[in-house]
There are 2 protein chains.
Amino acid sequence: MALMRRARRRDLNLENGQSASMGWQAQKSAATQRRVLEAAIACFVEVGYARTTTTLIAERAGLSRGAMLHHFPSKAEVVKAAIDYLHTKRLRAFRKAIAAIQPGNDQVRSALRAYWAQVTHPLFFAFVELKVNGRTDPELAEILDPAQAAFDEEWTDTARELFPEWRDDPNGLETALDLLQYVLDGMALNLADGRPNVHSDRMLDYLESRLRELRPLVSTRAAE
Amino acid sequence: MALMRRARRRDLNLENGQSASMGWQAQKSAATQRRVLEAAIACFVEVGYARTTTTLIAERAGLSRGAMLHHFPSKAEVVKAAIDYLHTKRLRAFRKAIAAIQPGNDQVRSALRAYWAQVTHPLFFAFVELKVNGRTDPELAEILDPAQAAFDEEWTDTARELFPEWRDDPNGLETALDLLQYVLDGMALNLADGRPNVHSDRMLDYLESRLRELRPLVSTRAAE
DNA sequence: TCTTTTTCAGACAGTCCTGACGGATTTGTT
DNA sequence: AACAAATCCGTCAGGACTGTCTGAAAAAGA
């Protein structure tokens, strides 16, 4: 039984759609834990990582601190779980956005917009908070780095699938991906508020042209 | 006299080269204050803004907390003064780098490298710390925003001077400047450690080509 | 030399956060 | 119904940080 509880807790971090399979009261536990994690992430976004206290998280989750500390015995555990949760959430949103890209449509533009949406999403701010604080917090970096690496890998794999014509020019593909990432990250950080403006619109157009330019010519280019 | 002290303190924040003009013992005071501010900035870089405590700053400056609180009556004042100090320091370093660019040399490359040096400098991490924490700390943002704006303005003015041939294409110039800033900021953040690698080198080359491309043709282009 | 001002150091109270504990309530099982 | 376990809550001591206070040392002026 204690074994099942542990398993249950693992499940939450990886998936959160399957609540029917287990008929226990554990559902409530899982729901509570999810509430806590979402509250934690919301705190990262709204008050910053540094000022996120266990009191604040519990309050926001509609829970007492004691109750929260029952599910997550220490603050570090909450943070770790929240990072995993955030990571899967970002990845899921990203996959969804990518899956919506049809081969018939303008793939470059779609991928660009998908990444841009990714980066202007509030969750990205949470990630930035963690990343910046991770620079001076080795313990945090240790949790964060794998997540970041997994996200990057997923992204490049997806890109390779989406643009098979780039297969023979890995250097060009890497350049394009780096360019995309750097520009959008830099833009997201400088825009502070996620609102698009004249700078971001112009830069997105410009960037789109450059990516098109970097892309090898496809033999049958019906989309362009 | 108390009036002079105040004036003296102002002077430090704006300039710190002129210690000969005032023959007072105030020099020691100025030196101490400078030590404090440099210690504060070093703390931002090394342990992050959030974990920077007055105790840590004083310790690092080789001072007692009481002594420090004599010069800066509260932590907020230290932070404010440190930001001003950091700002002038970055600006000075930047001006120096720009001034070294000769019309005869490759101006695009030089300007690019100057900005890149700017962004890989430790002081940039301090700025990032402040910027990110400013997102959720209005009081900090209030101090930071003017400094950032001044820096940007200085940078664009310098660029306008340096590249007069861009006068008739303000949109192109803005695009180029935005591109430069976004790419390098994004790169600096993703590289965490300031070390250049294959990604940064490749991107710098690519970026240089794009900037050249954006630049209007100069009638007498001896430098190219 | 004596006085005044400035600079520096240590000690103090007040506040906040964390983690631990004991008890109450709810849920699942027999 | 009765018992066991899980879930939840309030309180506590310990530690850290900030800001204020008092007093000593050093420098300037008379």
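Just so we're on the same page: letters track the sequence lines, and every chain starts at 1.
Between the CD1 atom of B:Ile57 and the C1' atom of D:dG19 there is a distance of 14 Å, given to the nearest Å. Regarding B:Met68, its CE atom lies at a distance of 12 Å from the P atom of D:dC17, rounded to whole Å. Distance CD (A:Glu59) to P (D:dG10): 12 Å, rounded to an integer number of Å.
Closest non-hydrogen pair, A:Val119 versus A:Leu184, comes out as CG1-O, 3.6 Å.
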Taking only nitrogen or oxygen atoms into account, show me every contact under 3.5 Å that the protein makes with nucleotides 18-21 of chain C, one pair per line with its distance.
{"from": "C:dT18", "atom 1": "OP1", "to": "A:Lys75", "atom 2": "NZ", "distance (Å)": "2.8"}
{"from": "C:dT18", "atom 1": "OP2", "to": "A:Thr54", "atom 2": "N", "distance (Å)": "3.0"}
{"from": "C:dT18", "atom 1": "OP2", "to": "A:Thr54", "atom 2": "OG1", "distance (Å)": "2.7"}
{"from": "C:dG19", "atom 1": "OP2", "to": "A:Lys75", "atom 2": "N", "distance (Å)": "3.1"}
{"from": "C:dG19", "atom 1": "N7", "to": "A:Arg65", "atom 2": "NH2", "distance (Å)": "2.4"}
{"from": "C:dG19", "atom 1": "O6", "to": "A:Arg65", "atom 2": "NH2", "distance (Å)": "2.9"}

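If you check D:dT7, D:dC9, C:dT7 against the side chain of A:Ser64, the one that comes closest is D:dC9.
Using a 30° and 60° split on the angle between ring planes, A:Phe151 and A:Phe94 fall in the tilted class, from 30° to 60°.
Contact annotation: B:His71 reaches the phosphate of C:dC8 (side-chain N/O to OP1 or OP2, under 4.0 Å). The phosphate of D:dT7 has OP1 or OP2 within less than 4.0 Å of a side-chain N or O from A:His70.
Under the 6.0 Å distance and 45° angle rule, A:Arg210 counts as a cation-pi partner of A:Tyr206.
Counted by atom type alone, B:Arg51 and A:Asn133 present zero donor-acceptor pairs between their side chains at under 3.5 Å.
Between A:Arg60 and A:Glu46, at least one side-chain nitrogen of the basic residue sits less than 4.0 Å from a carboxylate oxygen of the acidic one, meeting the salt-bridge criterion.
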Checklist entry - Hey, mind stepping through A:Lys89 and A:Glu38 against salt bridge (Lys or Arg N to Asp or Glu O under 4.0 Å) and telling me if it holds? => result CA-CA 10 Å; A:Lys89 229 182 159 183; A:Glu38 304 228 356; 3.8 Å; yes
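Aromatic pair B:Phe125/B:Phe44: centroids not less than 6.0 angstrom apart.
The rotation axes computed at either terminus of the helix from C:dT1-D:dA30 to C:dT30-D:dA1 lie 10° apart, taking five pairs at each end and rounding to 10 degrees.
Each of A:Arg160, A:Arg90, A:Arg95 was checked for a salt bridge (Lys or Arg N to Asp or Glu O under 4.0 Å) with A:Glu154, and the lone residue meeting it is A:Arg95.
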